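All of these numbers come straight from a predicted model, not from anything done at the bench. In what follows, every heavy atom counts, from backbone to side chain, and hydrogens, waters and symmetry copies are set aside.
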Amino acid sequence: MNAFNSNYAKKLKFEGEFDKLFHYCNVHSSEIEAANMLSDCYCTGLGAPYDLDKSYEIDRRLMSVGCFDAMARVAFSYLFENKHYNPEEGLRLLQKAAENSCGRAYRYLAFCYEDGVSVGQDYSRAAELYEEAISNGDDNSYAYLGNLYENGYGVEKSVQKAIYLYRKAVEQHCGIGYLYLAYCYESGNGVEESSEKAIELFGLGRKFGNTSSIIRLAEYYENGWDDIRTNYEKAFALYCEAAKKENKQALKHVGRCYLFGIGVNANKEEAISFFEKSIDAIKKKANYVNIDKWYVSIGELLDECKEYELGFKYYYFAADLGNIDGILNVAYDYHNGYGIEPNIEKAVLFYQKAFNTGSVLAAFYLGLLYFENNELFEDGIKLSVYYLNKSLEMNNDELSQNSTIEIYKTLISCYKKTEDHEKLADCYQKLYELYQSMIDNSNGDAEYNLGLICKDDASCFYSLEKAFDYFEQGTLKGNTQAAFQLSACYERGRGTSIDLEKAFSIIATFQDVHENVKCYIGLLYQYGIGIKKSPETAVKIFESLLNSDDECIRTDASICLGLCYYHGEGVKSELEKAKQLLSQSEPFYNMYINASLGYSALSLAYR
């Protein structure tokens with residue numbers, strides 16, 4: 001067998017021929033330089049299965065014969081991996097390898113100072129060490145030093161200097177260099193923005209072993225971008241490729257793909273398996289942090305897929321670690337019965353725990369809980385008022401505008417019960433001002449809600465004429481709820497004169513845009529309100545809605561059609577058919593029907 005040819009091996013590495021490199025080094029593994037390169041293949045997963053244990057085993061052997069590259073890799077394991085964690089020995093070995101001009105050792109020392117691992121965080125010192133690493137032949141350090149210049153960490157910020165250093169790394173085919181330069185082209189930072197160039201660089205980063213480049217390419221294929229068409233199967237394959245390197249993000253992406261069926265058949269068991277693997281990948285790192293946030297992110301994915309029971313489990317893991325979002329989600333699930341039997345006492349317990357840490361959302365949810373369940377508590381309304389007002393006092397932008405609106409609406413309901421007219425007026429004032437501030441960017445919702453305030457006879461803004469005007473403005477913006485209210489105004493003569501034909505025509509304009517309007521239109525036909533009475537037309541409309549994707553619409557249609565069969569209106573009377581339809585539906589009304597003319601028509605139907 002010919003002796004190991006170092007120049008040939010370096011040529012294979014430079015050209016990205018990693019399969020050939022691995023085979024060549026494996027054949028010559030008894031030689032120090034070949035074994036050193038072989039260890040690199042295992043720890044990067046280039047040309048070889050990703051196997052840190054195998055790499056560590058080779059490096060321990062090479063250390064004994066004075067290979068300082070191997071010493072640096074072992075030191076890295078001591079500093080950054082749980083399995084071999086020994087930071088004091090890790091730093092000692094890196095210092096020794098660096099003293100012997102090992103560029104890799106200088107780079108790993110720079111990592112320690114940049115991230116504050118076993119030493120105090122010091123970006124300036126990290127920059128110096130990257131410079132030393134470059135001087136000792138470590139080409140990857142060009143990219144890491146460039147990243148410090150791009151962000152101004154420990155050096156004077158200079159994007160152009162960063163670009164120069166990234167290009168130096170790319171000249172040596174360093175995967176991390178391709179990644180950082182690709183990000184610049186992606187965002188147009190220091191170079192002309194070009195997604196085409198970014199994609200090309202991510203592809204080269206992938207070729208030369210950069211896992212983040214693989215993930216970014218996968219995201220391009222998943223979401224589609226300029227020249228890349230959406231290709232879920234390709235995206236899934238790339239996530240799987242990155243996951244083989246035990247990358248936590250890639251493993252979670254694969255789990256997400258299995259959960260939602262993105263590029264692969266949906267498989268809940270496989271999804272959970274990969275989520276667990278992503279957690280294991282985190283736990284393999286020494287001094288791992290933020291695993292509580294990771295649990296929450298998995299819980300959110302499961303909730304999105306309506307796997308509430310599994311989502312609750314991960315939120316509970318996060319809550320056990322003191323994560324506020326985890327605690328809030330556990331409380332919310334107990335409150336609303338998502339993934340667990342509703343338990344108001346436990347919901348209060350967890351909300352209170354989050355509230356004690358200063359959580360505005362906890363105060364908000366406690367206020368809602370006490371109001372919704374006030375009959376269960378001696379001072380339910382009083383407690384609701386206390387926590388809702390607390391959430392307003394504590395608000396540090398954690399509450400959305402919609403949440404703030406919900407607070408004032410609930411406080412109004414509370415003050416109506418307690419007959420505190422002064423505070424009631426104040427809440428109406430605040431709510432009115434909030435909606436007024438939203439009009440310019442509103443799709444008619446603000447006008448609709450302003451109309452409701454003016455329609456409420458307990459409001460200090462009570463005026464049916466003003467309510468009519470707001471509902472008209474909301475309808476002109478295409479708001480369905482405002483249109484229902486405007487129709488009701490014409491039907492009942494509120495703020496305007498009675499005009500049944502006008503009431504019908506307003507709603508009819510929305511029937512091809514909003515499916516929920518059709519059931520209401522059917523009722524108008526059934527009872528001849530604003531249009532010639534036609535129960536047969538009503539029956540056809542109700543039948544067309546039985547297969548709606550919206551449960552509320554299906555329910556309304558079942559009730560209305562069932563009553564048609566019961567009374568023999570528009571169809572031959574069939575009591576069994578009526579019973580079948582009515583038994584399938586829960587006795588609740590679509591919110592839009594309740595809100596307007598349908599209320600009177602539907603109440604007639606029930607009578």
Side-chain angles (χ1 to χ4, degrees), residues 80-82 85 115-117 121 215 246-256 259-260 268 271-370 387-388 390-391 393-400 402-404 406-407:
F80 294 95
E81 292 171 21
N82 246 343
Y85 189 59
D115 297 330
V117 176
Q121 190 176 52
I215 294 172
E246 297 183 7
N247 178 280
K248 65 177 183 179
Q249 292 286 358
L251 288 162
K252 189 168 78 169
H253 275 306
V254 174
R256 179 176 58 83
L259 187 64
F260 293 98
K268 183 174 70 177
I272 297 301
S273 172
F274 276 94
F275 289 151
E276 288 297 322
K277 286 176 183 176
S278 73
I279 291 165
D280 290 341
I282 294 173
K283 290 180 177 179
K284 285 181 179 179
K285 304 298 181 186
N287 296 319
Y288 60 84
V289 294
N290 296 332
I291 195 168
D292 54 330
K293 294 180 181 178
W294 202 256
Y295 284 131
V296 170
S297 69
I298 291 172
E300 288 170 344
L301 286 173
L302 290 162
D303 272 4
E304 189 180 341
C305 199
K306 295 185 169 50
E307 292 289 346
Y308 299 120
E309 188 173 346
L310 289 167
F312 178 82
K313 166 186 161 185
Y314 285 98
Y315 290 140
Y316 212 102
F317 288 155
D320 270 349
L321 295 170
N323 181 280
I324 300 303
D325 288 330
I327 295 168
L328 280 171
N329 274 291
V330 168
Y332 189 85
D333 287 351
Y334 273 126
H335 181 178
N336 297 286
Y338 287 127
I340 193 75
E341 283 294 315
N343 189 317
I344 297 301
E345 286 183 10
K346 286 187 176 180
V348 169
L349 181 69
F350 279 93
Y351 280 140
Q352 192 66 53
K353 189 174 181 181
F355 175 73
N356 291 342
T357 69
S359 169
V360 178
L361 284 175
F364 169 61
Y365 285 124
L366 274 168
L368 295 183
L369 180 149
Y370 280 118
Y387 282 109
L388 290 173
K390 268 291 181 185
S391 66
E393 291 171 18
M394 297 162 64
N395 193 5
N396 56 358
D397 298 327
E398 191 178 341
L399 286 176
S400 67
N402 285 339
S403 295
T404 305
E406 187 68 21
I407 289 170

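Taking CZ of Phe275 as the reference point, atom NZ of Lys252 lies at 8.0 Å (rounded to 0.5 Å).
Taking 4.5 Å as the limit, every side-chain heavy atom of Lys293 sits out of range of all side-chain heavy atoms of Ser297. Using a 4.5 Å cut-off on side-chain heavy atoms (C-beta onward), Asn82 and Tyr288 make contact. Counting only heavy atoms from C-beta outward, the side chains of Tyr314 and Ile272 approach each other to under 4.5 Å. Between Asp303 and Tyr315, some side-chain heavy-atom pair lies under the 4.5 Å cut-off. The closest side-chain heavy-atom distance from Glu300 to Asp325 is not below 4.5 Å. Inter-residue side-chain proximity for Leu251 and Asp280 is flagged as unmet; no heavy-atom pair is nearer than 4.5 Å. Annotation: side chain of Tyr334 is not in contact with side chain of Leu349 (no heavy-atom distance under 4.5 Å). Contact check for Ile298 versus Ser278: side-chain heavy atoms found under the 4.5 Å cut-off.
At a cut-off of 3.5 Å, with distance as the only test, a side-chain donor of Tyr85 or Asn287 sits close to an acceptor on the other residue. Counting only N and O atoms by type, the side chains of Tyr295 and Asp320 include no donor and acceptor under 3.5 Å apart. There is no side-chain donor-acceptor pair under 3.5 Å between Glu406 and Asn402.
Taking every heavy atom of both residues into account, Ser391 and Ile407 meet most closely at OG-CD1, 3.1 Å. Annotation for Tyr338 and Tyr332: closest pair CE1-CE2, 3.6 Å, computed over non-hydrogen atoms.
Here Tyr387 and Tyr351 keep their ring centres 6.0 angstrom or further from each other.
The side-chain tip of Lys313 does not point at the ring of Tyr316 from less than 6.0 angstrom away and within 45° of straight on.
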Checklist entry - Stepwise, does the side chain to side chain contact (heavy atoms under 4.5 Å, CB included) test hold for Ile279 with Trp294? => result CA-CA 8 Å; Ile279 291 165; Trp294 202 256; 3.9 Å; yes

Item to check | Verdict with reasoning, Phe260 to Leu301, per side chain to side chain contact (heavy atoms under 4.5 Å, CB included) | outcome: CA-CA 9 Å; Phe260 293 98; Leu301 286 173; 4.2 Å; yes

